[in-house]
Amino acid sequence: MKNFVTLFLITIILSSFSTGDEEVYEAVPHESFQKGEVLDYKVSFGIFSIGSAKMLIRDNYYRINHRDCYKVDIYGKTTGMVDWVAKVDDHWGAYVDTAALVPHISYRNIKEGNYRKNEIVRFDHRTNLIEAKVKDKKTGEYKEPNYYSAPENIRDMLAGYLYLRTIDFAEMNEGDLFTVKGFFEDTFYELDVRYKGKEVIKTKAGKFNAIKLAPIMPENKLFDGEDSIFAWISDDKNKIPLKVEAKMFIGSTGVELSGYKNLRNEVSIIQ
């Protein structure tokens with residue numbers, strides 16, 4: 001069950017005050033989300049329901065580095081009998097620039113069985129430097145930070161999730177590739193994603209017109225082959241993640257939208 005929320009994020013595998021930062025921050029036009037948005041999901045393994053996840057954008061703007069930010073939080077936990085075997089209670093969060101959709105601060109509080117990790121990451125986009133601190137499990141204090149030299153406008157997974165929802169798929173043909181770049185833990189990644197066309201998808205929240213995507217997974221010990229993950233997002237202005245199917249070496253897992261509220265635009269639900 002380790003990296004429960006990591007799996008969830010991969011699949012959906014994101015200023016009003018002038019400070020002279022216009023050359024640093026590249027504005028990203030977007031109309032797919034807003035403050036107060038809440039998305040609920042059910043997580044399954046095979047035929048069994050094993051957990052739930054919630055993704056939300058807080059109701060207020062937050063001021064970080066003299067910039068207005070969204071505060072994005074994701075909660076993931078196991079439910080039912082799974083709690084007796086490997087209880088998961090994860091919380092990921094980030095303060096994401098409202099104009100450039102880059103992170104200023106991100107954090108993870110991971111509880112998965114006996115595994116614990118508490119991390120805070122700060123992004124300095126003026127110097128392209130990342131500072132990452134992890135809490136010592138014995139002392140409860142944060143260790144000396146690690147620093148990483150980053151490319152311009154680097155994103156973590158949550159800022160990358162928001163950025164993904166700004167992509168215009170209208171001019172793409174089935175089979176076209178695009179690349180999602182970002183930073184996670186101590187690694188800079190470039191993940192190629194294949195556009196697989198459009199489908200109608202049924203979820204616990206209803207039936208939707210959807211865009212199908214297939215992240216091309218590099219060889220690894222978790223996912224079974226290049227086409228091991230398929231993800232669907234709503235084919236409307238919201239582009240909300242609807243469903244994920246992942247084929248792993250230990251079995252198949254899935255994530256499915258179960259509820260939503262405070263979306264910015266009309267949804268593509270089919271009655």
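The chain is numbered in sequence order, starting from 1. Hydrogens, waters and symmetry mates are skipped; everything else that's a heavy atom, side chains included, is used. A quick note: this is a predicted structure, and the numbers were derived from the prediction, not measured.
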S.K.: Check for me, please, whether Tyr70 and Val28 land in the same ILVMFWY cluster - side-chain distances under 4.5 Å, paths through other members count.
M.R.: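 Cluster IDs for Tyr70 and Val28 match.
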S.K.: Any side-chain to backbone donor/acceptor pair from Thr98 onto Asp68? Under 3.5 Å, distance only.
M.R.: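 Yes, Thr98 side chain to Asp68 backbone: donor-acceptor pair under 3.5 Å.
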S.K.: Hey, mind stepping through Lys35 and Tyr61 against side-chain contact (heavy atoms from CB on, under 4.5 Å) and telling me if it holds?
M.R.: CA-CA 8 Å; Lys35 295 182 299 178; Tyr61 291 128; 3.6 Å; yes
S.K.: For Asp236, what residues pass the salt bridge (charged side-chain N to carboxylate O under 4.0 Å, His left out) criterion, not counting sequence neighbours?
M.R.: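 With neighbours one apart ignored, the set is empty.
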S.K.: CD/Glu190 to NZ/Lys181 distance, rounded to the nearest 0.5 angstrom?
M.R.: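 If we round to the nearest 0.5 Å, Glu190:CD and Lys181:NZ are 4.5 Å apart.
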S.K.: Any heavy-atom pair between the side chains of Asp89 and Tyr75 that's under 4.5 Å?
M.R.: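 Tyr75 vs Asp89: side chains apart.
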S.K.: Taking the side chain as every heavy atom from C-beta outward, state whether Asp136 and Lys138 have any atom pair closer than 4.5 Å.
M.R.: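 Answer yes - side chains close enough.
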S.K.: Would you say Ile120 and Ile130 are hydrophobically clustered, going by side-chain heavy atoms of ILVMFWY under 4.5 Å?
M.R.: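 Shared cluster, no.
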S.K.: Hydrogens and angles aside, do Ser32 and Asn238 bring a side-chain donor and acceptor to less than 3.5 Å of each other?
M.R.: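 Ser32 vs Asn238: no donor-acceptor pair found between side chains.
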S.K.: Look at the rings of Tyr25 and His104 and say which category their plane angle falls in: under 30° parallel, 30 to 60° tilted, over 60° perpendicular.
M.R.: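 The arrangement is tilted - the two ring planes meet at 30° to 60°.
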S.K.: Just checking, Arg165 and Phe33: is the charged tip under 6.0 Å from the six-membered ring centre and within 45° of the axis?
M.R.: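 Checked: cation-pi criterion not met.
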S.K.: Among the clusters formed by ILVMFWY side chains lying less than 4.5 Å apart, do Leu56 and Tyr95 turn up in the same one?
M.R.: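 Shared cluster, no.
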S.K.: Would you check if Arg264 and Glu37 make a side-chain contact, meaning some heavy-atom pair closer than 4.5 Å?
M.R.: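 Heavy-atom side-chain distance check fails, nothing below 4.5 Å.
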S.K.: Are Tyr115 and Val43 connected in a single hydrophobic cluster, I mean Ile/Leu/Val/Met/Phe/Trp/Tyr linked by side-chain heavy atoms less than 4.5 Å apart?
M.R.: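 Yes, Val43 connects to Tyr115 through the hydrophobic network.
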S.K.: Would Asn146 and Asp186 satisfy side-chain contact (heavy atoms from CB on, under 4.5 Å), going step by step from the backbone distance to the final call?
M.R.: CA-CA 9 Å; Asn146 292 319; Asp186 58 357; over 6 Å; no
S.K.: To the closest 0.5 Å, what do you measure between CE (Met157) and CZ (Phe183)?
M.R.: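 Going from CE on Met157 over to CZ on Phe183, the span is 12.0 Å.
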S.K.: Backbone N or O of Lys135 within a donor-acceptor pair of the Asn118 side chain at under 3.5 Å?
M.R.: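 It does not hold such a pair.
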S.K.: Answer yes or no: are there more than 12 heavy-atom neighbours, outside Lys237 itself, under 6.0 Å from its atom NZ?
M.R.: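 Atom NZ in Lys237 is not packed in, count stays at 12 or less.
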S.K.: Can you check whether Tyr41 reaches Val244 side chain to side chain, under 4.5 Å on heavy atoms?
M.R.: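 Answer no - side chains too far apart.
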S.K.: Between Glu185 and Arg108, is the closest basic N to carboxylate O distance under 4.0 Å?
M.R.: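 Glu185 and Arg108: salt-bridged.
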S.K.: How close do Ser258 and Lys42 get, heavy atom to heavy atom, and via which atoms?
M.R.: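 Closest approach of Ser258 to Lys42: CB-CG, 3.9 Å.
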S.K.: Determine, step by step, whether Trp92 and Val72 satisfy the side-chain contact (heavy atoms from CB on, under 4.5 Å) criterion, reporting the C-alpha distance in whole Å, the side-chain angles of both residues, the deciding distance to 0.1 Å, and the verdict.
M.R.: CA-CA 8 Å; Trp92 294 46; Val72 185; over 6 Å; no
S.K.: Which heavy atom in Ala94 sits nearest to a heavy atom in Tyr107, and how many Å separate them?
M.R.: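 Scanning both residues completely, I find the closest heavy atoms to be N-CE2, 3.9 Å.
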S.K.: I'd like to know if the side chain of Asp192 reaches the main chain of Leu177, judged simply by a donor and an acceptor atom lying under 3.5 Å from each other, with no hydrogens or angles considered.
M.R.: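 A pair under 3.5 Å: no.
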S.K.: Can you tell me if Thr78 uses its side chain to pair, donor with acceptor, with the backbone of Val88 under 3.5 Å?
M.R.: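 Checking the backbone N and O of Val88 against the side chain of Thr78, a donor-acceptor pair under 3.5 Å is found.
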S.K.: So, applying side chain to side chain contact (heavy atoms under 4.5 Å, CB included) with Leu213, which one of Trp232, Phe178, Phe230 is it?
M.R.: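 Of Trp232, Phe178, Phe230, side chain to side chain contact (heavy atoms under 4.5 Å, CB included) with Leu213 is met by Phe178 alone.
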S.K.: Might you point out which heavy atoms bring Tyr260 and Val267 nearest each other, and give the distance in Å?
M.R.: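 Tyr260 and Val267 have their closest heavy atoms at OH-CG2, 3.8 Å.
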S.K.: Where is the tightest heavy-atom contact between Cys69 and Ile64, given as atom of each residue plus distance?
M.R.: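 Taking Cys69 first and Ile64 second, the nearest heavy atoms are SG-CB, 3.9 Å.
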S.K.: Tell me every residue that passes salt bridge (charged side-chain N to carboxylate O under 4.0 Å, His left out) with Lys71, counting only those two or more places apart in sequence or in another chain.
M.R.: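 For Lys71, the residues satisfying salt bridge (charged side-chain N to carboxylate O under 4.0 Å, His left out) (neighbours in sequence not counted) are Asp73.
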S.K.: Decide if atom CG of Asn114 counts as having more than 12 heavy atoms of other residues, nucleotides or ligands within a radius under 6.0 Å.
M.R.: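 Open.
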S.K.: Under 4.5 Å between any side-chain heavy atoms of Gln34 and Ile57, yes or no?
M.R.: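 No, their side chains stay 4.5 Å or more apart.
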S.K.: Are Val200 and Lys207 close enough that some pair of their side-chain heavy atoms sits under 4.5 Å apart?
M.R.: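 A side-chain contact under 4.5 Å exists here.
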S.K.: Taking a hydrophobic cluster as the set of Ile, Leu, Val, Met, Phe, Trp and Tyr residues connected by side-chain heavy atoms closer than 4.5 Å, whether directly or through intermediates, do Phe184 and Val96 fall within one such cluster?
M.R.: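 Cluster IDs for Phe184 and Val96 match.
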S.K.: Before accepting this row, confirm whether a basic side-chain N of the pair Asp90/Lys77 lies closer than 4.0 Å to the acidic partner's carboxylate O.
M.R.: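 No, this pair does not count.
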S.K.: Hey, does Ser106 have a side-chain heavy atom less than 4.5 Å from the side chain of Leu158?
M.R.: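 They are not in side-chain contact.
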S.K.: Any chance you could measure Lys54, atom NZ, to Asp40, atom CG, to the nearest 0.5 Å?
M.R.: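 Lys54 NZ to Asp40 CG: 3.5 Å, rounded to 0.5 Å.
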S.K.: Might you point out which heavy atoms bring Leu39 and Pro241 nearest each other, and give the distance in Å?
M.R.: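 Distance-wise, the nearest heavy atoms are CD1-CD, 4.1 Å.
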S.K.: Please tell me if the side chains of Asp97 and His125 come closer than 4.5 Å, counting only heavy atoms from C-beta onward.
M.R.: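 Not touching, per the 4.5 Å side-chain cut-off.
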S.K.: Rounded to the nearest 0.5 Å, how far does OG of Ser234 lie from CG of Asn209?
M.R.: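 The OG atom of Ser234 is 9.5 Å from CG of Asn209, to the nearest 0.5 Å.
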S.K.: How long is the gap from CD on Glu199 to CG on Leu242, to the nearest 0.5 Å?
M.R.: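 Rounded to the nearest 0.5 Å, the CD-CG separation comes out at 11.5 Å.
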S.K.: Rounded to the nearest 0.5 Å, what's the gap from CD1 on Ile105 to CG on Asp156? Could you check?
M.R.: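 The distance works out to 11.5 Å.
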S.K.: For atom NZ of Lys117, decide whether the heavy atoms of other residues, nucleotides or ligands shown that lie under 6.0 angstrom number more than 12.
M.R.: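 Yes - once you tally the heavy atoms of other residues, nucleotides and ligands closer than 6.0 Å, there are more than 12.
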S.K.: Output yes when a side-chain donor or acceptor of Thr203 lies under 3.5 Å from a complementary backbone atom of Ala205, and no otherwise.
M.R.: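 A pair under 3.5 Å: yes.
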S.K.: Would Leu257 and Ile240 count as a side-chain contact (heavy atoms from CB on, under 4.5 Å) here? Give the steps.
M.R.: CA-CA 9 Å; Leu257 184 71; Ile240 58 173; 3.9 Å; yes
S.K.: Looking at Phe169 and Ile233, what are the two nearest heavy atoms and their distance?
M.R.: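 Smallest interatomic distance, heavy atoms only, reads CE1-CD1, 3.6 Å.
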